[in-house]
Structures are given as C-alpha cells and as structure tokens.
Amino acid sequence: MKKAEAATGKVYVVLTRTGTRVAKMIRMYTREPYSHVSLSFDENLDTLYSFARRHIHNPLNAGFIEEHIDSGIFGMDKRIDCAVYCLEFPQKEYRRIYGLVQELLCHKEEYSYNFVGLLMVALNRPWSRPKQFFCSEFVAWVLGTAGLSLTSKEYALMRPEDFRRCLSLYQIYEGKLHEYVDYRSCHRDMDFSSIRRVEYLRYPEEMQKIVSSQEVWGIHKMA
C-alpha cells in the first residue's frame with residue numbers, strides 16, 4: 001500500500017555564530033549574536049545549504065555549498081552557537097523550495113558569493129547580480145519563491161538578525177550547534193502546533209517576475 005504523502009513539509013532556518021575573522025567582523029558591525037544563515041530540510045540538520053566559503057582556509061573562494069555539522073567550518077569548533085527555526089509549508093510550496101535548492105546544487109559551480117552585495121548592505125543599498133548571493137540574501141530569496149515575504153526588505157538587504165526577529169519563524173532550539181542532534185533525540189515529542197503554517201501564499205506581480213525570470217537569477221529551467 002502506497003504511503004500517503006504528508007500534507008505539509010518543514011523547512012529549517014539555521015543561524016550560526018562561527019569564529020572566523022569574517023564572521024567576527026560582521027558581528028562587530030551589526031552587534032548581533034549571529035552572522036550566518038543556512039537552510040535545511042531535515043529535522044536533524046544532516047545537510048544545510050547556504051552561500052559561504054568552499055574551503056576552510058580561503059574565504060575568497062565562496063559560493064553555493066552544502067554544510068554539515070561535523071565537517072568544514074562547523075566541524076572545527078564544538079562551541080559554535082546557533083538558533084534553529086522551523087516553518088511549515090503546504091507540499092506544493094515545499095516541493096518548489098526543495099526543487100529550487102536541488103537545482104542550484106546541480107549547478108553549484110556556476111554560482112558565486114555576492115561580496116559586493118554584502119558590503120553594500122552596510123550602506124543600505126541593494127546590489128544583486130545573476131548567480132550571486134550572500135547567505136541571508138539566498139535564504140530570503142528561496143523562501144520568497146514560495147510566496148513568503150519575511151520583511152519588506154529587498155533580498156539583497158537581508159541580514160541574519162532579520163530572520164531572528166521575524167514572527168513567521170518558530171524557534172525550536174537555541175544553544176550549541178553540536179548539541180542540537182542530542183537535543184532533538186530527547187525531544188521527539190516536541191509540540192509543533194505553534195509553528196506557523198503558510199497556507200495562503202500569493203505572488204505579487206513583482207515577485208512573479210523575479211521567480212520566473214531566468215535572465216535575472218540565472219536559474220536553469222526545471223523539468
């Protein structure tokens with residue numbers, strides 16, 4: 001008997017506080033506890049997706065990457081703090097988000113880090129280019145493709161603290177990143193009834209143009 005498909009799918013937004021020089025500079029400017037944002041589709045955060053450095057010791061070689069708690073930058077320091085938020089989407093929008101991330105993953109070498117855009121955030125001037133993102137810009141854009149506008153800001157002006165203050169996101173954990181899995185295993189009966197379920201998603205005309213424009217975002221057409 002075929003297993004019925006779940007009516008909704010959960011997306012996890014993960015804020016982290018790493019000890020890299022770049023991260024410290026960002027926190028020094030923002031005076032906020034977190035400097036990096038990632039997306040995940042599984043409750044144990046086995047795989048996270050974001051825009052960051054591809055190699056541990058070279059911050060200038062950066063782009064779209066897969067992240068893992070026990071390797072890379074996260075694996076270097078067991079003291080990394082994090083905050084994990086959850087958002088529940090109808091299956092149609094969930095598949096849209098998941099499919100988009102997988103599409104980027106298939107062509108990850110074509111994407112690069114939006115260094116100029118990151119610097120322009122400090123001037124409150126959005127700067128975006130095809131196939132270029134910084135971490136918070138990427139996460140906001142992906143969620144936006146499902147019709148969820150976290151704030152009135154443009155994607156290229158989003159900062160990690162904007163996710164922390166967003167009422168649409170339900171916090172399920174805050175503490176050490178390396179202790180998250182143990183926490184989840186001890187809280188399997190966690191009550192998710194308070195998680196906001198995004199049911200009525202509408203695409204403003206401007207968003208329709210952004211989502212559908214391959215020329216603007218450089219997204220390969222999905223089958």
Side-chain angles (χ1 to χ4, degrees), residues 5-18 23 33-54 62-78 80-108 111 113 133-148 150 155 158-164 166 168-188 190-192 194-198:
E5 183 181 43
T8 60
K10 295 184 180 68
V11 176
Y12 300 86
V13 175
V14 183
L15 306 184
T16 47
R17 176 190 176 95
T18 64
Y34 302 108
S35 53
H36 184 60
V37 191
S38 309
L39 273 182
S40 185
F41 297 98
D42 56 89
E43 63 179 16
N44 287 329
L45 308 183
D46 294 324
T47 303
L48 300 97
Y49 304 93
S50 190
F51 274 73
R53 64 181 71 191
R54 295 188 177 98
F64 184 63
I65 66 168
E66 292 180 278
E67 300 171 313
H68 304 280
I69 292 177
D70 295 320
S71 63
I73 293 294
F74 292 156
M76 292 178 61
D77 188 354
K78 303 295 184 182
I80 292 176
D81 292 316
C82 76
V84 183
Y85 300 83
C86 186
L87 191 62
E88 193 166 1
F89 287 90
Q91 271 299 323
K92 180 179 179 181
E93 281 70 31
Y94 175 82
R95 289 194 298 269
R96 183 193 301 272
I97 293 172
Y98 182 82
L100 178 58
V101 171
Q102 295 306 307
E103 179 70 11
L104 265 69
L105 187 61
C106 289
H107 303 279
K108 61 182 180 180
Y111 293 84
Y113 196 90
F133 294 93
F134 51 85
C135 65
S136 49
E137 178 187 17
F138 159 72
V139 174
W141 172 67
V142 170
L143 296 179
T145 64
L148 179 62
L150 298 175
Y155 301 140
M158 289 293 290
R159 304 180 181 188
E161 62 261 31
D162 293 320
F163 296 90
R164 193 163 66 94
C166 180
S168 299
L169 300 178
Y170 179 70
Q171 187 179 88
I172 61 174
Y173 176 79
E174 185 163 23
K176 301 301 179 184
L177 180 62
H178 285 265
E179 296 174 2
Y180 172 77
V181 174
D182 290 337
Y183 172 84
R184 285 292 299 142
S185 65
C186 294
H187 295 80
R188 290 297 179 186
M190 183 182 293
D191 180 15
F192 281 88
S194 298
I195 296 178
R196 174 184 170 183
R197 289 172 172 81
V198 183

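For this chain, numbers begin at 1 and follow the sequence in order. Excluded from the calculations below are hydrogen atoms, water molecules and symmetry mates; all remaining heavy atoms, backbone and side chain alike, are included.
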### Query
Passes side chain to side chain contact (heavy atoms under 4.5 Å, CB included), Phe51 versus Val37? Steps please.
CA-CA 9 Å; Phe51 274 73; Val37 191; over 6 Å; no
### Task
Using the side chain to side chain contact (heavy atoms under 4.5 Å, CB included) rule, take Leu148 and Ser168 through it: C-alpha gap first, then chi angles, then the decisive distance, then the call.
CA-CA 9 Å; Leu148 179 62; Ser168 299; 4.3 Å; yes
### Glu88/Thr8 under side-chain hydrogen bond (donor to acceptor under 3.5 Å, both in side chains): CA gap, chis, key distance, verdict
CA-CA 6 Å; Glu88 193 166 1; Thr8 60; 2.3 Å; yes
### Task
Take Val142 and Leu39 through the test side chain to side chain contact (heavy atoms under 4.5 Å, CB included) and record every step on the way to the result.
CA-CA 9 Å; Val142 170; Leu39 273 182; 3.6 Å; yes
### Message
Please evaluate residues Lys10 and Leu87 with respect to the criterion side chain to side chain contact (heavy atoms under 4.5 Å, CB included), reporting the C-alpha separation (whole Å), side-chain torsions for both, the decisive distance (0.1 Å), and the verdict.
### Response
CA-CA 6 Å; Lys10 295 184 180 68; Leu87 191 62; over 6 Å; no
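Without hydrogens or angle criteria, Arg53 side chain to Ala62 main chain gives no donor-acceptor distance under 3.5 Å. Using modelled atom types, one side-chain atom of His68 and one backbone atom of Asp46 make a donor-acceptor pair closer than 3.5 Å. The main-chain N or O of Tyr12 is never found under 3.5 Å from a side-chain atom of Ser40 such that the two would form a donor-acceptor pair. Panel note: side chain Asp182, backbone Glu179; no donor-acceptor pair is recorded below 3.5 Å. The backbone N or O of Gly99 lies less than 3.5 Å from no partner atom in the side chain of Gln102, so there is not a single donor-acceptor pair. Not a single donor-acceptor pair under 3.5 Å links the side chain of His36 to the backbone N or O of Ser136.
For the atom pair CG (Leu104) and CD1 (Ile65), the distance works out to 13.0 Å, reported to the nearest 0.5 Å. The structure places CD of Glu137 at 11.0 Å from OG of Ser50, a figure rounded to the nearest 0.5 Å.
Under the 4.0 Å criterion applied to side-chain N and carboxylate O atoms, Glu43 and Arg184 are assigned as salt-bridge partners.
When side chains are defined from C-beta on, Leu48 does not count as touching Glu66, because their heavy atoms never get closer than 4.5 Å. Leu177 has its side chain out of reach of Asp77: every pair of non-hydrogen atoms, C-beta onward, lies at least 4.5 Å apart. Residues Asp162 and Leu150 are not in side-chain contact: their nearest non-hydrogen atoms beyond the backbone lie 4.5 Å or more apart. Residues Cys82 and Val84 meet the side-chain proximity criterion, which asks for heavy atoms closer than 4.5 Å. Using a 4.5 Å heavy-atom cutoff, the side chains of Asp81 and Thr16 are not in contact.
The ring-ring contact (aromatic ring centres under 6.0 Å, His included) test applied to Tyr173 returns Tyr180, Tyr183, not counting sequence neighbours.
When all heavy atoms of His178 and Ile69 are compared, the closest pair comes out as CE1-O, 3.0 Å. Here the shortest heavy-atom pairing between Met158 and Ala140 reads CG-CB, 3.6 Å.
Defined by atom type and a distance below 3.5 Å, a donor-acceptor pair is present between the side-chain atoms of Glu67 and Ser38. Remark: the Tyr85 side chain and the Gln171 side chain contain an N/O donor-acceptor pair separated by less than 3.5 Å. For the residue pair Glu174/Tyr34, the side-chain donor-acceptor check at 3.5 Å is satisfied.
Among the candidates Phe41, Phe89, Tyr49, the single residue satisfying the ring-ring contact (aromatic ring centres under 6.0 Å, His included) test with Tyr98 is Phe41. Checked options Tyr111, Phe138, Tyr113, Phe133; the residue passing with Phe64 is Phe138 (criterion: ring-ring contact (aromatic ring centres under 6.0 Å, His included)).
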